[in-house]
2 protein chains.
Amino acid sequence: MALPRSEEKRIALLASAADIMAAQGLGASTASIARGAGVAEGTLFRYFATKDVLYNALYTHLKLDLAAALRQHMAVHDSLDGQVRALWDAYIDWGVSNLSFFKTLNQLVVSDKVTDETRCTVASQLSDIKCVAQACSDNNGLSALPGGFADAVFMALAETTIQFVVRDPANGQAYKSAGFRVFWSGSVR
Amino acid sequence: MALPRSEEKRIALLASAADIMAAQGLGASTASIARGAGVAEGTLFRYFATKDVLYNALYTHLKLDLAAALRQHMAVHDSLDGQVRALWDAYIDWGVSNLSFFKTLNQLVVSDKVTDETRCTVASQLSDIKCVAQACSDNNGLSALPGGFADAVFMALAETTIQFVVRDPANGQAYKSAGFRVFWSGSVR
DNA sequence: AATTAATGAGTGAGTACTCACAACAGGATT
DNA sequence: AATCCTGTTGTGAGTACTCACTCATTAATT
């Protein structure tokens, strides 16, 4: 073994992919992604055998990055309200300060390029966060509805909130509070 | 003039485009769209000079179709609550029963293929509906926030609600009420 | 017959992906 | 130290394919 394949380049490729896909959509060419990472196009295929493999690796990378950010700010609060609000704030903040990650992740989530296997593997590594979300869900008025409606509402409101905070940062705090109030006062029983 | 260019084929092409783009994304090929409409590929380009023209025509077509559906159900209610609820129901119902229209429209809304000019022209034809939305916005707690945050929250919640109604129609009414409650009790002051 | 709509094989640009080769970092041999 | 040797990474022109779009031809109507 002479040269170790550099983790650095792998990360650069993933970051470039997230940046360019955020701007151009998932159809962004492998040539432009490689150029953005400062490597030749062939090199991309040494790290990710096909573009589909890249999609799945990127999904995993972004989800785990988000999860790490959430964990850092998941202090234990006495009230459920406080706990959920901390989760909300951490989520919004991650989206705002990693906008291209956020945009690309949202595209990947609804794309059929990401396999069920990848989704499962990632979900299993996020059990601790899912746990908090579940506690929230169990104690609010949307829990009567099947299949993660509360989760989806949380995500939809967060996405909208992030868009507005980015577009008009001066009112960032106002959007953050308002978005949370819609979710919380609308869903609490 | 020997043959009139048929409005029928134009509609068929737009409908096919909406169907196929809902399934495959905006990148769906012109060949498949023409095939879906039962015409040759060349014919598509007689009706829409470029694919970008098609995108813009489709955006206009779908928005006006939605607007027509909303107008039909915009009975005058005494209470503001009733008025907004009627708008909400009409919107959800249109999305559920025209799912491919709804999906494609959502993609077009965030796409840069649709020009600002198209958006403006369409918006000017929707002034009556915008008026009701404005009356709602003026009387709720989100109106203090700039730039249509209330509108965006409405749309985001409606999108989520439609997804769940389609996935699980048995609980359709429950999702519809719950979605509206989140919007209304969360945003009313 | 005159005119225009409709057609679909053809065109060039762009795509994901390949592969023969260059560049390189050690360890072994002088 | 200086040289080869070996196995791996990095490269980018090349390949097969798909795409939006064209245009000479055919079909349809008055």
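Chain naming here is simple, since letters A, B, ... match the order of the sequence lines and numbering starts at 1 in each. Just so you know, these numbers use all the heavy atoms, side chains as well, and skip hydrogens, waters and symmetry mates. Source: prediction; values computed, not measured.
- For the pair A/Leu44 CG and D/dT11 P, the computed distance is 11 Å after rounding to whole Å.
- For the pair A/Glu41 CD and C/dG14 P, the computed distance is 14 Å after rounding to whole Å.
- A distance-only check finds no donor-acceptor pair linking the side chain of B/Asn171 to the backbone of B/Val165 [under 3.5 Å].
- Taking atom CZ of residue B/Phe48 and atom P of nucleotide C/dA5, one finds them 15 Å apart after rounding to whole Å.
- What separates CZ of B/Arg35 from P of C/dA9 is a distance of 13 Å, to the nearest Å.
- Residue B/Arg46 has a polar side-chain atom (N or O) positioned under 4.0 Å from OP1 or OP2 of C/dA5.
- When rounded to the nearest whole Å, the span between CZ of A/Phe45 and P of C/dT15 equals 12 Å.
- The aromatic rings of B/Phe183 and B/Trp88 lie parallel to each other, their planes meeting at an angle below 30°, with 60° marking the opposite boundary.
- Counting non-hydrogen atoms under 4.0 angstrom, B/Ala28 reaches the backbone sugars and phosphates but no base.
- OP1 or OP2 of D/dG10 lies within a sub-4.0 Å distance of a side-chain N or O belonging to A/Tyr47.
- At distances below 3.5 Å, at least one donor-acceptor pair connects side-chain atoms of B/Tyr47 with backbone N or O atoms of B/Ser6.
- Along DNA chain C, the nucleotide nearest B/Lys9 and the nucleotide nearest A/Asp52 are compared for position; the residue whose nucleotide lies closer to the 5' end is B/Lys9.
- The CD1-P distance, from B/Ile33 to D/dC21, rounds to 11 Å in whole Å.
- Rounded to an integer number of Å, the gap from CG of A/Leu54 to P of C/dT15 is 15 Å.
- For the pair B/Gly148 and A/Phe164, the tightest heavy-atom approach, listed with the atom from each and the gap, is O-CZ, 3.6 Å.
- D/dT9 atom P lies 14 Å from atom CG of A/Leu13, rounded to whole Å.
- Residue contacts for A/Ser29: at a heavy-atom cut-off of 4.0 Å it reaches the sugar-phosphate backbone alone, with no base atom in range.
- Distances shown here put every side-chain N or O of A/Lys51 at or beyond 4.0 Å from the OP1 or OP2 atom of C/dC17.
- In plain terms, the two heavy atoms of B/Ala17 and B/Leu58 that are nearest each other are CB-CD2, 4.0 Å.
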